[in-house]
Amino acid sequence: KIKDLRDMSTMLFIDGRDFTEPFDLEVFGKNLESSSQTSGGSAAPQPAAVPSEPSYKHYVNRRYGFQVDYPADFIPGRQPANGDGLSFTSPDGQASLNVSAGHIFNTSLQKAYTNDLQRVQGSLGYHTAGDTWYVITWSDDRMIHYQKTFILGKTRDDMRFSYPIQQKGSYENVVSALESSFKSGR
């Protein structure tokens, strides 16, 4: 049993997942404590209440330079070897944020936007394009999905946020904060 998380160095492995710095030890410890107090039954996880005004942490991608403010209680996933982005998961495991970038060739913003619109599986919601970016929202039977993409030169920066439909009211402020804080590295 882990008694003091501050004794851990840069990496912590629990249930086959790794958590690399930076992460909030206090929130992580509370999540770990509450998960160990639940019964060992097979009940489906209950959605966690999302604070109306959550706190945020700032992520900057070292390779591509894009940045976003993500909910402080979201758990960062494993950094890919190529350093192209990072995924974050809500404490209840039901919402996810993926941010990444990559090089593109022979693709205009309009072509990328059209291709992404055609890939939507579910009901298309709000979507629009600007000079260097586009936004697409859609929903399926369970989830609401929000995507914002920047196309600048030969680089594409993507942010995708998905959360349960039943938590729409709780995550509206988070979507707004993600949208306004997501900045391209170019």
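Note that these values count all heavy atoms, side chains included, but never hydrogens, waters or copies made by symmetry.
- Contact record, G65 with V60: O-CG1, 4.2 Å, taken as the closest heavy-atom pair.
- Applying the side chain to side chain contact (heavy atoms under 4.5 Å, CB included) test to I136 and every residue at least two apart in sequence or in another chain returns Y113, D116, L117, V120, L124, H127, Y134, W138.
- L86 CG to S100 OG: the interatomic distance, rounded to the nearest 0.5 Å, is 10.5 Å.
- Connection of L97 to V135 is established within a shared hydrophobic cluster, with ILVMFWY side chains joined at heavy-atom distances below 4.5 Å, either directly or through further cluster members.
- The shortest distance between side-chain heavy atoms of T128 and W133 falls below 4.5 Å.
- The heavy-atom pair separating Q79 from G83 by the smallest distance is NE2-CA, 3.4 Å.
- The shortest heavy-atom contact between D157 and S184 is OD2-OG, 2.7 Å.
- By the criterion of side-chain heavy atoms lying less than 4.5 angstrom apart, applied directly or through intervening Ile, Leu, Val, Met, Phe, Trp or Tyr residues, L109 is not grouped with Y126; the two fall into different hydrophobic clusters.
- Side chains of R160 and H145 form no contact here, defined as non-hydrogen atoms less than 4.5 Å apart.
- A distance of 9.5 Å separates OH of Y59 from OH of Y70, quoted to the nearest 0.5 Å.
- In terms of heavy atoms, P71 sits closest to Y56 at N-CD2, 3.5 Å.
- At a threshold of 4.5 Å between non-hydrogen side-chain atoms, the residues V99 and N61 do not count as touching.
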With side chain to side chain contact (heavy atoms under 4.5 Å, CB included) as the test, would you mind laying out the steps for T155 and H103 before giving the verdict?
-> CA-CA 5 Å; T155 303; H103 298 290; 4.2 Å; yes
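- In this structure, S181 OG and K183 NZ are separated by 7.0 Å, a value rounded to the nearest 0.5 Å.
- Using a 4.5 Å cut-off on side-chain heavy atoms (C-beta onward), Y146 and M159 make contact.
- Judged as a salt bridge (charged side-chain N to carboxylate O under 4.0 Å, His left out), and not counting sequence neighbours, the contacts of D158 are R156.
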Please walk me through it: do I151 and T107 pass side chain to side chain contact (heavy atoms under 4.5 Å, CB included)?
-> CA-CA 9 Å; I151 305 281; T107 299; 5.6 Å; no
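- To the nearest 0.5 Å, atoms CG (D73) and OG1 (T89) are separated by 11.0 Å.
- Between Y171 and A95, the closest heavy-atom pair is OH-CB, 3.5 Å.
- Side-chain atoms of V175 and Y163, non-hydrogen and from C-beta on, do get closer than 4.5 Å to each other.
- Atoms OG1 and CZ, from T114 and R119 in turn, are 11.0 Å apart once rounded to the nearest 0.5 Å.
- When side chains are defined from C-beta on, R63 counts as touching N82, because their heavy atoms get closer than 4.5 Å.
- Looking at heavy atoms from C-beta onward, P54 lies in side-chain contact with V174 at the 4.5 angstrom threshold.
- Closest heavy-atom contact between Q94 and M143: O-CE, 3.3 Å.
- Expressed to the nearest 0.5 Å, how far CG of D69 lies from CZ of F182 amounts to 12.0 Å.
- You'll find the side chain of R186 reaches within 4.5 Å of the side chain of Y64, heavy atoms only.
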